[in-house]
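Reading through the structure tokens given below for one structure.
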Amino acid sequence: MLIICDDESDPLGPSEIARLPEHVAWIEYMEQRGVALLGGERLRSSDDATTVRTRGGEVLISDGPFVETKEQVGGFALIECADLDEAVEVASRHPFAAHGVIEIRPVWDE
């Protein structure tokens, strides 16, 4: 899974991002490589987040993100790659890698 972190003040919604030339090029690049995009979405702002913790049997709920940081998780892309090297190559070409952070996390596969 590619966890896409960026400055969430970007006002573009999912349909607008999908039409950006650099995003279209990234999708085409993955198709050419044979990398499957299994799913993905842009997330709402961390202002809309609800954080849930359980401590000592008590459920603690708070508004907003767990941590205060400029870069927040803004979306994800679930991809299927041959190995980590291919995932790194694909992530490095994601348009948000140029100004944000893309974290690669393997899906737990038993």
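Any value given below was found using the heavy atoms of this structure, including those in side chains, with hydrogens, waters and symmetry copies removed.
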Just distance, no hydrogens or angles: give the donor-acceptor pairs under 3.5 Å from side chains in residues 12-26, sequence neighbours left out.
{"from": "Glu16", "atom 1": "OE1", "to": "Gly13", "atom 2": "N", "distance (Å)": "2.6"}
{"from": "Arg19", "atom 1": "NH1", "to": "Ser15", "atom 2": "O", "distance (Å)": "3.4"}
{"from": "Trp26", "atom 1": "NE1", "to": "Val90", "atom 2": "O", "distance (Å)": "2.9"}

Can you name the nearest heavy-atom pair linking Ala97 to Ile102, along with the distance? CB-CG1, 3.8 Å
Let me check something: do Ile3 and Val107 share a hydrophobic cluster, defined by ILVMFWY side-chain heavy atoms less than 4.5 Å apart, either directly or through other members? yes
If a pair satisfies salt bridge (Lys or Arg N to Asp or Glu O under 4.0 Å) and one of its residues is in residues 87-106, list it, with sequence neighbours excluded. Glu89-Arg93, Glu103-Arg105
Taking only residues two or more places apart in sequence, or in another chain, which ones meet Val59 in a side chain to side chain contact (heavy atoms under 4.5 Å, CB included)? Val52, Thr54, Ile61
Mind checking whether His99 and Phe96 have parallel, tilted or perpendicular rings, split at 30° and 60°? tilted
Work out which heavy atom in Ile104 is nearest to a heavy atom in Ala91; give both atom names and the distance. CD1-CB, 3.9 Å
Tell me which donor-acceptor pairs under 3.5 Å the side chains of residues 30-39 have, and how far apart each pair is, sequence neighbours excluded?
{"from": "Arg33", "atom 1": "NE", "to": "Glu86", "atom 2": "OE2", "distance (Å)": "3.3"}
{"from": "Arg33", "atom 1": "NH1", "to": "Tyr29", "atom 2": "OH", "distance (Å)": "2.8"}
{"from": "Arg33", "atom 1": "NH2", "to": "Glu86", "atom 2": "OE2", "distance (Å)": "3.4"}

Connected via hydrophobic side-chain network under 4.5 Å: Leu2 and Val73: no
